[in-house]
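Quick note: numbers below take in every heavy atom, side chains included, and nothing from hydrogens, waters or symmetry partners. Order of listing sets the numbers, starting from 1, for every ligand and every atom in it.
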Amino acid sequence: MNFSMSISENIVRLKTRLPEDVQLVAVSKTKSVDEIMEAYSTGHRIFGENKIQEMADKAEKLPKDIQWHMIGHVQRNKVKYMAPFVRMIHAVDSLRLLAEIEKQAGKHDRVIDCLLQIKIAEEESKFGLNEEDALTILNSEELKNYAHVRIVGLMGMATFTENESILNREFDRLKKFYDLHKDSFNLFHLSMGMSGDYELALAHGSTMVRVGSAIFGERNY
Ligand SMILES: *Cc1c(COP(=O)(O)O)cnc(C)c1O
């Protein structure tokens with residue numbers, strides 16, 4: 001990726017490379033509202049953040065037709081700050097978290113789409129469910145009674161590596177698990193792929209890529 005291009009050029013060019021039915025989540029964490037507006041000006045509306053407070057601050061300042069996706073780990077006590085506006089939560093990993101999302105979304109009479117985060121990285125990673133625990137959640141009685149939260153798919157983060165055989169194995173495993181269960185549970189999204197690996201993720205059936213630095217440039221923390 002050539003970072004001398006502008007944000008708007010980057011996003012337009014990236015979108016020409018994505019199949020039409022694949023959604024792009026433009027990951028704007030650490031980026032300013034001006035930078036987000038540059039991407040917005042191309043017609044793009046789906047943005048992803050990994051911190052609830054940062055997302056809420058930006059949502060307040062930016063146009064209301066932006067669809068905000070929470071892609072980071074979520075603490076239950078912060079769900080209330082995003083419940084009024086968040087469109088999708090990518091990293092759900094427990095029934096307790098789902099119960100809180102149900103409660104907070106209910107207060108605003110909304111339905112929040114969620115993805116279950118599945119642990120696919122072979123490297124040590126703190127977050128994500130194993131397949132058995134994901135199935136326990138999908139089959140749970142509580143979930144059937146929820147009217148304000150809807151599990152629409154799965155999300156995975158591959159190992160941070162350029163080793164394609166590792167990435168292939170990890171994406172392939174998640175895709176197989178998704179295919180096995182998507183009809184039983186009405187799942188239609190598989191969120192996988194970031195700046196460094198989205199092409200491989202697409203080849204493995206991703207329906208939603210989360211791309212930050214290839215659009216906005218490197219992040220300065
Ligand atoms: C930061 C982040 C991304 C985007 O990463 P890039 O490598 O900049 O594209 C995608 N998914 C999650 C969960 C992230 O935290």
Side-chain angles (χ1 to χ4, degrees), residues 1-15 17-18 22-32 35-36 38-39 42 44 46-56 58 66-75 78-79 82 86-94 97 113-129 134 152-164 166-167 170-171 174-175 178 189-221:
M1 188 48 84
N2 179 354
F3 292 119
S4 70
M5 290 181 80
S6 69
I7 291 168
S8 52
E9 285 170 316
N10 287 342
I11 196 165
V12 167
R13 194 170 64 159
L14 174 60
K15 278 178 142 174
R17 296 199 186 135
L18 300 179
V22 167
Q23 285 196 11
L24 170 65
V25 180
V27 177
S28 50
K29 61 192 187 195
T30 79
K31 299 299 174 178
S32 69
E35 289 168 301
I36 296 171
E38 186 179 339
T42 68
H44 192 72
I46 305 175
F47 292 88
E49 293 279 337
N50 71 338
K51 295 205 169 74
I52 293 175
Q53 188 60 56
E54 182 177 345
M55 182 173 74
K58 288 173 176 173
I66 288 181
Q67 299 172 26
W68 292 100
H69 285 217
M70 172 43 56
I71 61 170
H73 181 68
V74 174
Q75 287 172 279
K78 294 194 179 153
V79 171
M82 63 177 167
V86 69
R87 175 63 69 98
M88 188 180 285
I89 301 174
H90 284 233
V92 172
D93 61 359
S94 72
L97 177 57
D113 286 344
C114 292
L115 307 177
L116 292 182
Q117 182 175 3
I118 310 293
K119 193 182 289 212
I120 59 169
E122 292 169 8
E123 68 183 3
E124 214 31 64
S125 68
K126 274 189 294 184
F127 301 121
L129 295 155
V152 298
L154 307 176
M155 179 271 219
M157 281 181 83
T159 300
F160 191 72
T161 177
E162 287 176 6
N163 183 326
E164 289 207 358
I166 293 177
L167 293 170
E170 293 177 355
F171 288 144
L174 183 55
K175 168 69 164 147
Y178 173 75
H189 268 304
L190 183 55
S191 166
M192 56 184 197
M194 317 187 357
S195 293
D197 58 20
Y198 73 87
E199 277 160 327
L200 219 51
L202 288 174
H204 286 276
S206 170
T207 71
M208 188 178 268
V209 294
R210 309 175 308 269
V211 178
S213 45
I215 296 170
F216 293 102
E218 295 300 327
R219 285 177 291 274
N220 310 305
Y221 284 101

Can you check whether [X] reaches [Y] side chain to side chain, under 4.5 Å on heavy atoms?
| X | Y | result |
| --- | --- | --- |
| Val74 | Met82 | yes |
| Leu202 | Arg17 | no |
| Phe127 | Met157 | no |
| His44 | Ile46 | yes |
| Asp93 | His73 | yes |

Backbone or side-chain N or O of Gly196 under 3.5 Å from ligand 1 N or O: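 No - when backbone and side-chain N and O of Gly196 are compared with those of ligand 1, no distance drops under 3.5 Å.
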Checklist entry - Mind checking whether Asn50 has an N or O less than 3.5 Å away from an N or O of ligand 1? => result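 Not met; the criterion fails.
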Element-labelled atoms of ligand 1 that are located less than 4.0 Å from some non-hydrogen atom of [X]:
| X | result |
| --- | --- |
| Ser195 | 6 (P), 7 (O), 8 (O), 9 (O) |
| Ile71 | 2 (C), 11 (N), 12 (C), 13 (C), 14 (C), 15 (O) |
| Met157 | 13 (C) |
| Val211 | 9 (O) |
| Gly212 | 4 (C), 6 (P), 8 (O), 9 (O) |
| Arg210 | 4 (C), 9 (O), 10 (C), 11 (N), 12 (C), 13 (C) |

Can you tell which of Lys58, Lys31, His69 makes a side-chain hydrogen bond (donor to acceptor under 3.5 Å, both in side chains) with Glu49?
->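 Only one of Lys58, Lys31, His69 forms a side-chain hydrogen bond (donor to acceptor under 3.5 Å, both in side chains) with Glu49, namely Lys58.
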*Is the side chain of Ser8 donor-acceptor paired with the backbone N or O of Glu38 at a distance under 3.5 Å, no angle test?*
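A pair under 3.5 Å: no.
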(request) Give the intermediate values and the outcome of side chain to side chain donor-acceptor pair (under 3.5 Å) for residues Glu35 and Ser28. (result) CA-CA 8 Å; Glu35 289 168 301; Ser28 50; over 6 Å; no
Distance from atom 5 (O) of ligand 1 to nearest protein heavy atom, with residue and atom
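Checked against all protein heavy atoms, atom 5 (O) of ligand 1 sits closest to Met194 CE, 3.5 Å.
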Residue portion contacting ligand 1 (non-hydrogen atoms closer than 4.0 Å) for Lys29
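It is the side chain that touches ligand 1; the backbone stays farther off.
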Review point. Can Arg219 be said to touch ligand 1, with heavy atoms closer than 4.0 Å?
Key: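 Checking ligand 1 against Arg219, which is what was asked, there is a heavy-atom contact under 4.0 Å.
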